[in-house]
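To start, the structure under review is shown below, and the notes come after it.
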Amino acid sequence: MLLAKELLLQREKSNYTASFCIINEDLQKLSKRLVCLSPSEYAYYQNLRFDKRKHSYLLGRIAAKEAVMALSDKKLNYKNFFVDFGVFQFPVVKNTAQNIQVSISHCDDYGVSLAFPEDHPLGIDMEKIDHDKAHIIDTTLTSHEKKCIKANFVDVAEGNTVFWTIKESLSKIIKTGFTTDPEVFEIKSIKKSGNQFICDFKNFYQYKSVSYTANNYACTVVLPKKTSLDCHNIWLSFESVVRSKN
Ligand SMILES: CC(C)(COP(=O)(O)OP(=O)(O)OC[C@H]1O[C@@H](n2cnc3c(N)ncnc32)[C@H](O)[C@@H]1OP(=O)(O)O)[C@@H](O)C(=O)NCCC(=O)NCCS
């Protein structure tokens, strides 16, 4: 199953268009989509030794390429553009002529991606809510974050996982990845708005995050604080894909 949706990013003086894609397929099914890879992506894929990485690579690349296609002027051909790696392993879209970039996350059989104009970065992360992992995440949280989680989540494992996705998404939008002290990414405040959680950061005050959970998975989008984005379509697609497995 694959869903792609266009998104409107509204700023005070300008608007931008972005897109979201989520895919849920096992490796066998994804292999039928190898024709979507460019020659360099295919060569990289062929050199991968382990099925787990082949799977995550295809989930990420197919979600990213479909998100780019949803955003592009439709003259693009799947094989002619590609998602390369930057020096810190961040994705770099090449050959689209439109300065489109992407953020990617993969988890189990799911791949998610946001495609956006280079002028307006976005970050995404998706994780399974796993009680064992949540204990490990707990060791990375500040006492302030633990208080926020206690006050806003009935299930601490859900809260810990949401906070983890927020920090990973932030680390993607700034392209460093999680290579620094997690306290640098400290979450300053959280508020619930409908079924989503909106947070901001102690140090990265230019950004905010919007998070959602469904069927034991958490997903977060990080975006510039002064941008308005109606995430309804993202969460509808996310929810219908993660629930379709039941
Ligand atoms: C980048 C990072 C946050 C990704 O989070 P994750 O939960 O492991 O994996 P996700 O599935 O959510 O995201 C993976 C995607 O993030 C993207 N990514 C990787 N490094 C990135 C960076 N520096 N900036 C932005 N995006 C990045 C890639 O597209 C990657 O998918 P791909 O390898 O198939 O292209 C994390 O791996 C990290 O911090 N890595 C750097 C530190 C490191 O290497 N640690 C070793 C393990 S402790």
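Note that the numbering runs from 1 along the sequence shown for the chain. Read the numbers this way: they start at 1 and go in the same order the structure lists the ligands and their atoms.
Leu76 belongs to a hydrophobic cluster with Val68, Met69, Leu71, Tyr78, Phe81, Val83, Val93, Ile100, Val102, Ile104, counting contacts under 4.5 Å between side-chain heavy atoms of Ile, Leu, Val, Met, Phe, Trp and Tyr, direct or through other members.
Between the side chains of Tyr45 and Glu41, no donor N or O sits under 3.5 Å from an acceptor N or O. Between Asp125 and Thr220, the side chains place no donor N or O within less than 3.5 Å of an acceptor N or O (distance only, hydrogens not considered).
Sorted by first and then second residue, the pairs that involve residues 127-164 and meet ring pair (Phe, Tyr, Trp, His ring centres under 6.0 Å), not counting sequence neighbours, are Phe153-Phe197, Trp164-Phe178. The salt bridge (charged side-chain N to carboxylate O under 4.0 Å, His left out) analysis of residues 173-184, with sequence neighbours excluded, yields no pairs.
For a heavy-atom separation below 4.0 Å, the residues in contact with ligand 1 are Arg53, Arg61, Phe85, Phe88, Gln89, Phe90, Pro91, Ile104, Ser105, His106, Asp125, Glu127, Glu168, Ser171, Lys172, Lys175, Thr176, Gly177, Phe178, Thr179.
Put simply, the side chain of Glu158 does not reach to within 4.5 Å of the side chain of Thr161, judged on heavy atoms.
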